[in-house]
Amino acid sequence: MAKKPDVDSAVKEGRRERKRRQTRERIQAAALKLFLERGFDATTIEDITEAADVSKRSFFDYFPSKEEVVAAWQDGFARELIGAVAAQPEDASVVEVIEAAVNSALRTAVADPQSLALAALIHNTPTLQARDQLKYAKLEKKLADALSARGSGGEEERLRFGMLAAAVGTMLRIGSERWMRSPQDISVEQFARNLFDELWAALADLGKQAQRHI
């Protein structure tokens with residue numbers, strides 16, 4: 001009997017992966033909705049599986065814990081940021097690339113009303129606050145890699161991009177905490193502009209102080 005064309009298996013694989021993605025998205029959507037309605041700690045995995053119409057085993061096939069559902073949602077910001085870095089013009093300076101990418105990712109985040117609500121939930125939930133710090137560590141690594149991909153690839157350059165990405169990650173963490181403590185009556189673009197002005201001024205001032213000690 002003639003063997004079926006390989007394209008058939010490719011199509012089946014595509015369908016299988018699509019089904020898995022849709023199931024994962026359904027679980028995540030149901031979980032995030034419940035977290036906002038009931039609170040993170042008050043929501044059980046059984047609540048989530050019932051809302052998503054999946055088994056408990058299926059839940060653990062996709063997420064090791066409730067915390068990982070939130071972490072997966074947070075990874076969306078990193079994906080937006082890294083995609084925006086890659087999309088910047090080749091002749092753009094590193095400062096222009098970072099500012100444009102951060103603004104793009106922030107605009108995408110605030111365009112979804114659920115994002116600010118989830119950010120507030122994380123800020124007010126001790127169980128999630130500790131893990132929230134891991135988000136910035138992962139973000140810094142991905143940003144450093146994305147910037148390095150645009151550069152010459154030298155070791156010294158990678159080190160510089162790593163330090164710069166750490167500074168930007170810290171800026172975003174502090175900015176998020178500042179916003180949560182006292183929401184600003186300005187656009188997210190202006191808020192980011194203010195943060196960048198503070199960051200670049202601080203780095204420039206430190207550079208001047210370092211030069212005086214050489």
Undergrad: Specify the closest pair of heavy atoms between Ala101 and Val85, including all atoms of both residues, with the distance to one decimal.
TA: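 Scanning both residues completely, I find the closest heavy atoms to be CB-CG2, 3.6 Å.
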Undergrad: Scan side-chain atoms only and decide if Thr44 and Asp47 contain a donor-acceptor pair under the 3.5 Å cut-off.
TA: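 Side-chain D/A pair, Thr44 to Asp47: present.
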Undergrad: How about CG on Asp205, more than 12 heavy atoms from neighbouring residues, nucleotides or ligands closer than 6.0 Å, or not?
TA: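 Counting other residues, nucleotides and ligands, CG of Asp205 exceeds 12 neighbours.
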Undergrad: Please say whether more than 12 non-hydrogen atoms of neighbouring residues, nucleotides or ligands are located less than 6.0 Å from CZ in Arg158.
TA: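 Count not over threshold, so no.
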Undergrad: Contact between Leu139 and Gln74 at the side-chain level, heavy atoms closer than 4.5 Å - yes or no?
TA: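 In short, these two side chains do not touch, never coming nearer than 4.5 Å.
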Undergrad: Measuring from atom CG of Leu172 to atom CG of Leu143, what distance do you get when rounded to the nearest 0.5 angstrom?
TA: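 Answer rounded to 0.5 Å: 8.5 Å.
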Undergrad: Rounded to the nearest 0.5 Å, how far apart are OH of Tyr62 and CZ of Arg26?
TA: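 Tyr62 atom OH to Arg26 atom CZ measures 8.5 Å (nearest 0.5 Å).
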Undergrad: Atom OH in Tyr136, atom CD1 in Ile174: separation rounded to 0.5 Å?
TA: 10.0 Å
Undergrad: Side chains of Glu99 and Asn103: is there a donor and an acceptor less than 3.5 Å apart?
TA: no
Undergrad: For Phe63 and Phe59, take the angle between the two ring planes, folded into 0 to 90°, and tell me which bin it lands in: parallel under 30, tilted 30 to 60, perpendicular over 60.
TA: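 Ring orientation of Phe63 relative to Phe59: tilted.
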Undergrad: At what distance, to the nearest 0.5 angstrom, does CG of Leu32 lie from CG of Leu121?
TA: 9.0 Å
Undergrad: Can you check whether Ile45's main-chain N or O pairs, donor with acceptor, with Lys56's side chain at less than 3.5 Å?
TA: no
Undergrad: To check you understand the geometry: which heavy-atom pair defines the closest contact between Leu34 and Ala51, and what is its length?
TA: CD1-CB, 3.9 Å
Undergrad: Count I, L, V, M, F, W, Y as connected when their side-chain heavy atoms are under 4.5 Å apart, and connections chain through other members. Are Ile122 and Val188 then in the same cluster?
TA: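 Each belongs to a different hydrophobic cluster.
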Undergrad: Group every Ile, Leu, Val, Met, Phe, Trp and Tyr by side-chain heavy-atom contacts under 4.5 Å, then state whether Val70 and Phe60 land in the same group.
TA: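 Both belong to a single hydrophobic cluster.
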Undergrad: If you count the non-hydrogen atoms of other residues, nucleotides and ligands that lie under 6.0 Å from NZ in Lys142, is the total more than 12?
TA: yes
Undergrad: Before accepting this row, confirm whether a basic side-chain N of the pair Glu189/Arg193 lies closer than 4.0 Å to the acidic partner's carboxylate O.
TA: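 No.
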Undergrad: Start with the C-alpha gap between Phe191 and Leu195, add the side-chain angles, then the distance that decides, and say whether side chain to side chain contact (heavy atoms under 4.5 Å, CB included) holds.
TA: CA-CA 6 Å; Phe191 185 67; Leu195 290 175; 3.7 Å; yes
Undergrad: Taking atom CG of Leu128 and atom NE2 of His123, what is their separation to the nearest 0.5 Å?
TA: 12.5 Å
Undergrad: Which atom pair, heavy atoms only, marks the closest approach of Met180 to Ala119?
TA: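 Minimum heavy-atom contact is CE-CB, 3.2 Å.
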Undergrad: Trp179 and Ile186: which non-hydrogen atoms are nearest, and at how many Å?
TA: CH2-O, 3.8 Å
Undergrad: What I want to find out is whether Asp61 reaches Arg20 closely enough, with some N-O distance under 4.0 Å, to be called a salt bridge.
TA: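 Judged by the 4.0 Å cut-off on N to carboxylate O distance, Asp61 and Arg20 do not form a salt bridge.
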Undergrad: For Arg131 and Glu68: C-alpha separation, side-chain torsions, deciding distance, then whether salt bridge (Lys or Arg N to Asp or Glu O under 4.0 Å) applies.
TA: CA-CA 9 Å; Arg131 293 182 62 87; Glu68 287 302 318; 2.3 Å; yes
Undergrad: Go through Phe77 and Leu106 one step at a time and tell me if the side chain to side chain contact (heavy atoms under 4.5 Å, CB included) criterion holds.
TA: CA-CA 8 Å; Phe77 182 84; Leu106 287 174; 3.8 Å; yes
Undergrad: Got a donor-acceptor contact below 3.5 angstrom from the Glu96 side chain to the Ser93 backbone?
TA: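 Here the side-chain-to-backbone pair exists.
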Undergrad: Verify the neighbour count for atom CD of Glu156: are there more than 12 heavy atoms of other residues, nucleotides or ligands below 6.0 Å?
TA: no
Undergrad: As a quick check of understanding, evaluate side chain to side chain contact (heavy atoms under 4.5 Å, CB included) for Phe196 and Val95, giving each step before the final call.
TA: CA-CA 10 Å; Phe196 274 121; Val95 169; over 6 Å; no
Undergrad: Please confirm whether the backbone N or O of Thr43 pairs with a side-chain atom of Arg38, one donor and one acceptor, at under 3.5 Å?
TA: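 Pair absent, no side-chain N/O of Arg38 close to backbone of Thr43.
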Undergrad: With a sphere of 6.0 Å drawn around CZ of Arg160, does it hold more than 12 non-hydrogen atoms of other residues, nucleotides or ligands?
TA: no
Undergrad: Can you give me the closest heavy-atom contact between Ala30 and Ile48, atom names plus distance?
TA: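 The pair with the smallest heavy-atom distance is CB-O, 4.3 Å.
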Undergrad: Can Glu198 and Asn194 be counted as having a side-chain donor-acceptor contact under 3.5 angstrom?
TA: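 Checked: Glu198/Asn194 side chains show no N/O donor-acceptor pair below 3.5 Å.
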Undergrad: So for atom CG, which belongs to Asp53, do other residues, nucleotides or ligands contribute more than 12 heavy atoms lying within a distance under 6.0 Å?
TA: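 No.
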Undergrad: Taking the side chain as everything from C-beta on, heavy atoms only, tell me whether Ile98 gets closer than 4.5 Å to Leu147.
TA: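 Ile98 reaches Leu147 side chain to side chain.
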Undergrad: Within a 6.0 Å radius of atom CD on Glu50, are there more than 12 heavy atoms belonging to other residues, nucleotides or ligands?
TA: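 For Glu50, atom CD is not crowded (no more than 12 foreign heavy atoms under 6.0 Å).
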Undergrad: Between Glu157 and Arg150, is there a side-chain N and carboxylate O pair less than 4.0 Å apart?
TA: no
Undergrad: Starting at CZ of Phe35, measure out to OG1 of Thr125 and round the result to the nearest 0.5 Å.
TA: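 One gets 9.5 Å once the value is rounded to the nearest 0.5 Å.
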Undergrad: Of all heavy-atom pairs between Ala72 and Arg24, which one has the smallest distance, and what is that distance?
TA: CB-NH2, 3.6 Å
Undergrad: Keeping Ser176 on the side-chain end and Arg173 on the backbone end, is there a donor-acceptor pair under 3.5 Å?
TA: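 Pair absent, no side-chain N/O of Ser176 close to backbone of Arg173.
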Undergrad: Any salt bridge linking Lys135 with Asp132? Criterion: basic side-chain nitrogen under 4.0 Å from a carboxylate oxygen.
TA: yes
Undergrad: Count I, L, V, M, F, W, Y as connected when their side-chain heavy atoms are under 4.5 Å apart, and connections chain through other members. Are Trp200 and Met171 then in the same cluster?
TA: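 Yes, Trp200 and Met171 fall within the same hydrophobic cluster.
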Undergrad: Any sub-3.5 Å donor-acceptor pair from Thr23's side-chain atoms to Lys19's backbone N or O?
TA: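 Judged by distance alone, yes, a pair lies under 3.5 Å.
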Undergrad: Quick check against the 3.5 Å criterion: does Ser104 have a side-chain atom that pairs as donor or acceptor with the backbone of Ala100?
TA: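 The answer is no, because no donor-acceptor pair under 3.5 Å joins these two groups.
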Undergrad: Salt bridge between Arg21 and Glu17, side-chain N to carboxylate O under 4.0 Å?
TA: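 Glu17 and Arg21: not salt-bridged.
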